[in-house]
Amino acid sequence: MTEAPEPLLKVCDLRVWFPIRKGVLNRIAGQVRAVDGVSFTILPGETLGLVGESGCGKTTLGRALMGLEKPAGGRIIFNGQDLGALTGQARRQLRRHSQMIFQDPFSSLNPRMTVQELVTEGLVHHRLLQGRTRTESARELLASVGMDGDCLFRYPHEFSGGQRQRISLARALSLQPHFLVCDEPVSALDVSVQAQVINLLLDLRERHGLAYLFISHDLSVVRLMSHRVAVMYLGKIVECGATSDVMETACHPYTRALLSAVPRPGKHQDKRIILTGDLPSPAAPPPGCPFHPRCPQALPVCAQQAPPVRTLDNGHSWACHITPD
Ligand code: SF4
């Protein structure tokens with residue numbers, strides 16, 4: 001029997017809470033539970049798609065993995081090392097191997113820096129040029145994302161959205177990461193450009209053995225990109241499994257509602273499930289199952305008790321009081 005590979009990333013019971021302060025004394029009056037007890041793993045070279053409505057905590061989770069938000073609890077283990085236990089140089093070295101791509105590359109690229117400066121900034125900072133010039137390194141990085149080297153001395157505003165996303169990718173790849181958090185990387189792009197960037201991400205994954213956390217509200221894109229999918233609702237993962245299992249035999253009522261809104265060309269389309277009401281505030285999550293105020297299948301117990309997590313032999317898991325038919 002072959003041994004299962006070690007996860008590249010292991011997230012255990014991660015919590016990211018933001019305090020709500022009130023009054024002249026600025027006392028803490030409550031907590032916004034943006035990420036509330038999330039656990040998952042990602043293998044080397046694997047893509048985990050993370051889906052859910054806006055405001056469910058997807059971006060906060062991605063930012064916490066990058067060290068851009070301080071967790072209130074839980075552990076992030078990257079390459080076998082607990083990020084919370086590392087400090088200084090050791091933490092920076094490990095962080096180098098995970099990078100983030102944002103939805104809007106225009107706001108994540110410094111408008112005053114040239115393309116050459118942008119894509120080689122990390123190399124200079126970490127002293128990784130290794131005797132090569134910035135121009136040589138920049139040309140090579142741009143070539144790896146399908147751009148020619150004529151644009152080295154141009155600025156971000158001179159490029160289209162798709163080209164800017166390629167520049168962001170070249171910048172992220174400069175530090176030879178093992179893991180990328182892609183936060184809605186194609187949502188702001190035209191459909192034809194979306195396909196080009198998705199193909200580039202797939203190609204880079206293949207060539208560099210990269211692992212991705214692919215955050216998106218678009219289930220069709222997630223289906224294309226991901227080996228496994230996690231569905232997030234109000235700061236918690238409510239269903240997780242292989243993409244085909246979750247997409248074909250979703251077990252959680254929330255996942256079923258999300259999927260019913262996605263057209264499936266050539267396949268039987270389930271009846272659209274319209275969810276009523278808005279996503280509740282993560283500052284005051286409903287008791288019991290957080291989905292119960294909107295769930296079309298809610299039982300009385302759902303308002304009182306947190307649902308158990310059920311897991312099948314194939315690793316497909318979901319949190320619900322009822323078993324699907
Ligand atoms: Fe719906 Fe109850 Fe399942 Fe929550 S636990 S998803 S409210 S049926």
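Ligands are counted one by one from 1 in listed order, and the atoms in each one are counted from 1 as well. The shown structure was predicted, so the numbers you read here are calculated from the model rather than taken from an experiment.
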Check each atom of ligand 1 against the heavy atoms of Phe291 and keep those under 4.0 Å away; list them by number with element. 6 (S)
Closer than 4.0 Å to some heavy atom of Cys295 - which atoms of ligand 1 meet that? 1 (Fe), 6 (S), 7 (S), 8 (S)
Distance from atom 3 (Fe) of ligand 1 to nearest protein heavy atom, with residue and atom: Cys320 SG, 2.2 Å
Cluster overlap Leu204 with Ile101, hydrophobic side-chain contacts below 4.5 Å: yes
Do me a favour and list the nearest non-hydrogen protein atom to atom 5 (S) of ligand 1 with residue, atom name and distance? His321 N, 3.3 Å
Linking I/L/V/M/F/W/Y whenever any side-chain heavy atoms sit under 4.5 Å apart, do Leu43 and Met225 land together? no
Between NE2 of His252 and CD1 of Ile237, what distance do you get to the nearest 0.5 Å? 12.0 Å
Taking only non-hydrogen atoms of Gln297 and a 4.0 Å limit, the atoms of ligand 1 in range are 8 (S)
Atom indices of ligand 1, in the order listed, that fall short of 4.0 Å to a heavy atom of His252: 6 (S)
Within 6.0 Å of CZ in Arg134, more than 12 heavy atoms from elsewhere: yes
Under 6.0 Å from the CD atom of Gln304, do we count more than 12 heavy atoms belonging to anything else shown? yes
Take the angle between the ring planes of Phe78 and His178 and call it parallel below 30°, perpendicular above 60°, tilted in between. parallel
Is the backbone of Leu118 close enough, under 3.5 Å, to the side chain of Arg171 for a donor and an acceptor to pair up by distance? yes
Short N/O/S contact of Cys302 with atom 3 (Fe) of ligand 1 (below 2.8 Å): no
Of all the atoms in ligand 1, which lie at a distance below 4.0 Å from a heavy atom belonging to His292? 7 (S)
Any idea which protein heavy atom is nearest atom 4 (Fe) of ligand 1, and the distance to it? Cys289 SG, 2.3 Å
